[in-house]
Each structure stands twice: as structure tokens, then as C-alpha cells.
Amino acid sequence: MLRPDYPIKTDRLVLRPFAADDLDALVAYQQLPDVARFLMWPPRDRAQAEASLKYRIEHPTLEKEGDVLVLAVELQDTGALIGDVNLSWMSEWDRTGEFGFVFDPAYHGRGYAREAATEVLRLGFEQMGLHRIIGRADARNDASAALMTRLGLRKEAHFVKNGRVKGEWTDEVVFAMLSEEWPDHRP
């Protein structure tokens, strides 16, 4: 189980549960085709983003296998919502999780995703006691693959045309890190 002590602060960011007043900022980046390009969902309209926000608000902890925790990422100095990071509890028995990240393109290239993702890995390994955390991405998403590599995850698999995303067969890459590797690769 994971019940983080909120807010979680890094050097430049605040990670926290989503709130109802995050809707406009969430819509602003979830509606962008560039954001949804490599994700399972298409660009979201306001109603779809509102449904996504409702789930996020109702699940501020990881209580059981299968739960997904999605945290808002905001800038400490301005309070602007710039993206989100998530941690899924995949298996209690195997102590495995999966993490991910989605950021407004206006904030790409500044190290914010790395800073936030590092904190999610810390939560998974140090607070939740996970043995293994994976990250998955569309194989065409070079930026996500590069970030996972910078975080110290290793590429373990490349699945060729293993799923259809938005009607198109796509390849998927899987990166992973074990708990005993975490201290050695901490950015």
C-alpha cells in the first residue's frame, strides 16, 4: 500500500493529488495531438478530461493490486500544472509496478519529467517496497525511451506490432529497473 505524505516537493516541482480546479490545465494539454500521439487514448475533449480527472481525484493512494496513482506535477514557483506522473501496482505477489509520465509540450526539454519520474521511482522502491518497476512506450516515442534510459532503466523488450493504437499496429518497448539497482542509478 502507498499513501504518500502530500505534497511531495522536489527541487523545482510539487507532486500532489489532482483537484477539481485542475480541469482547465488538464484539458489544455490532454487535448493536444502531440501529447496523445503515442498514448492509448486520442486527444481528449473537456468531458473526457473531466472523466479522467474524476478518477484521479478518487484514487490518491495505491490500496491494492491493479490500482493506479496519478499525481499532478506543478511548478513550485508559479503553481502551474505542467503534467502528470503515475505509478500502477501491477502485482502484489511479485512486488512489481509500472510508471509513466505525460507532460505539456510547452515544458519539454527542461528536466521536469526526469525530476518528477525520479520521485515516482523513489516512491515505488523506497516507500512501497517494490522489487521491479517497468516503463512502457510506443517504440516510435524516442523522447520517452531516452528519458527512461537517463533514469537508469534498461531496455528489456521490443515487441513488434503487438497492439493496435488508434487503429494502427504499433511496436512497444519495455524498460525496467530492479530495487537493488535503484540506489546505483539515482539521478
Side-chain angles (χ1 to χ4, degrees), residues 1-19 22 25-26 29 35 38-39 52-53 55-104 107-137 141 143-157 173-187:
M1 180 170 14
L2 177 63
R3 294 175 186 239
D5 186 18
Y6 297 118
I8 300 165
K9 292 188 178 184
T10 67
D11 289 342
R12 302 176 295 166
L13 305 173
V14 175
L15 281 63
R16 58 166 176 78
F18 273 88
D22 291 324
L26 189 64
Y29 68 86
V35 169
F38 299 121
L39 298 173
S52 170
L53 180 61
Y55 175 87
R56 294 161 188 235
I57 291 171
E58 292 173 354
H59 297 89
T61 62
L62 290 175
E63 301 288 333
K64 63 188 180 317
E65 182 178 307
D67 283 354
V68 180
L69 172 67
V70 186
L71 299 176
V73 179
E74 68 179 36
L75 295 176
Q76 273 193 38
D77 58 351
T78 66
L81 178 66
I82 64 170
D84 54 79
V85 289
N86 64 72
L87 182 62
S88 303
W89 191 356
M90 297 173 64
S91 171
E92 182 175 3
W93 174 256
D94 294 322
R95 294 182 15 236
T96 58
E98 178 178 352
F99 83 114
F101 38 86
V102 178
F103 279 78
D104 184 326
Y107 298 94
H108 286 183
R110 300 180 197 174
Y112 295 135
R114 181 177 180 175
E115 192 171 323
T118 297
E119 189 60 26
V120 170
L121 291 171
R122 187 192 68 73
L123 289 172
F125 288 129
E126 296 179 16
Q127 288 193 13
M128 203 171 164
L130 294 177
H131 164 69
R132 175 182 171 83
I133 298 176
I134 69 163
R136 299 183 298 157
N141 191 342
S144 286
L147 174 57
M148 288 189 272
T149 299
R150 283 192 306 276
L151 288 166
L153 284 80
R154 84 186 136 281
K155 183 177 176 182
E156 291 192 335
V173 290
V174 179
F175 289 77
M177 178 183 281
L178 299 175
S179 58
E180 59 261 26
E181 298 168 320
W182 166 242
D184 297 332
H185 288 88
R186 193 172 325 164

Participant: After noting the C-alpha distance and the side-chain angles of Trp182 and Arg122, does the key distance pass the side-chain contact (heavy atoms from CB on, under 4.5 Å) rule?
Facilitator: CA-CA 8 Å; Trp182 166 242; Arg122 187 192 68 73; 3.7 Å; yes
Participant: Apply the side chain to side chain contact (heavy atoms under 4.5 Å, CB included) test between Val120 and each candidate in Asn86, Ile133, Leu69, Leu87; give the one that qualifies.
Facilitator: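 Only one of Asn86, Ile133, Leu69, Leu87 forms a side chain to side chain contact (heavy atoms under 4.5 Å, CB included) with Val120, namely Leu87.
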Participant: I'd like to know whether Val73 forms a side-chain contact (heavy atoms from CB on, under 4.5 Å) with Tyr112, so could you lay out the CA-CA distance, the side-chain angles of the two residues, the decisive distance to 0.1 Å, and finally the verdict.
Facilitator: CA-CA 9 Å; Val73 179; Tyr112 295 135; 5.7 Å; no
Participant: How are the rings of His59 and Tyr55 set to each other: parallel, tilted or perpendicular (split at 30° and 60°)?
Facilitator: parallel
Participant: Considering all heavy atoms of both residues, which atom of Leu13 and which atom of Gln76 are nearest to each other, and what is their separation?
Facilitator: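 The answer is O-NE2, 3.2 Å.
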Participant: Regarding Glu115 and Thr10, is there a side-chain donor-to-acceptor distance under 3.5 Å anywhere?
Facilitator: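 Yes, side-chain donor-acceptor contact under 3.5 Å.
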Participant: What heavy-atom pair brings Trp89 and Met128 nearest, and what distance separates the two atoms?
Facilitator: CD2-CE, 3.2 Å
Participant: For the pair Glu98 (side chain) and Gly135 (backbone), establish whether a donor and an acceptor sit closer than 3.5 Å, ignoring hydrogens and angles.
Facilitator: no
Participant: If you measure from OG1 on Thr149 to CZ on Arg154, what distance do you get to the nearest 0.5 Å?
Facilitator: 11.5 Å
Participant: Looking just at side-chain N and O atoms, do Trp93 and Glu65 make a donor-acceptor pair shorter than 3.5 Å?
Facilitator: no
Participant: Determine the minimum heavy-atom distance between Pro4 and Pro60, stating which atoms define it.
Facilitator: CD-O, 4.1 Å
Participant: Of all heavy-atom pairs between Val85 and Phe103, which one has the smallest distance, and what is that distance?
Facilitator: CG1-CE1, 4.1 Å
Participant: Would you indicate whether the side-chain heavy atoms of Leu151 and Phe99 approach each other to under 4.5 Å?
Facilitator: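 Answer yes - side chains close enough.
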Participant: CZ of Arg136 to OG of Ser144: how many Å apart, nearest 0.5 Å?
Facilitator: 12.5 Å
Participant: Set out, in order, the CA-CA distance, both residues' side-chain angles and the distance that settles salt bridge (Lys or Arg N to Asp or Glu O under 4.0 Å) for Arg56 and Asp84, then state yes or no.
Facilitator: CA-CA 10 Å; Arg56 294 161 188 235; Asp84 54 79; 3.1 Å; yes
Participant: What's the separation between atom CG in Leu178 and atom OG1 in Thr96, rounded to the nearest 0.5 Å?
Facilitator: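 Here the interatomic distance stands at 11.0 Å.
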Participant: Rounded at 0.5 Å granularity, tell me how far CG in Leu121 sits from CE in Met148.
Facilitator: 10.5 Å
Participant: When you look at CZ of Arg16, are more than 12 heavy atoms from neighbouring residues, nucleotides or ligands closer to it than 6.0 Å?
Facilitator: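 Enclosed: over 12 neighbouring heavy atoms sit under 6.0 Å from CZ of Arg16.
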Participant: Working to the nearest 0.5 Å, report the span between CD1 of Ile8 and CG of Leu123.
Facilitator: 4.5 Å
Participant: Between Arg132 and Ala176 (side chain of the first, backbone of the second, donor and acceptor by atom type, cut-off under 3.5 Å), is there such a pair?
Facilitator: no
Participant: What distance do Asp5 atom CG and Arg3 atom CZ have between them, rounded to the nearest 0.5 Å?
Facilitator: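 Between Asp5 CG and Arg3 CZ, I get 12.5 Å after rounding to 0.5 Å.
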Participant: Less than 4.5 Å apart, side chain to side chain, heavy atoms only: is that true for Phe101 and Leu147?
Facilitator: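 In short, these two side chains touch, coming nearer than 4.5 Å.
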Participant: How far apart are the closest heavy atoms of Phe18 and Val70, and which atoms are they?
Facilitator: CD1-O, 3.7 Å
Participant: Identify the heavy atoms of Asp22 and Pro17 that sit nearest to each other, and give their distance.
Facilitator: OD2-O, 4.5 Å
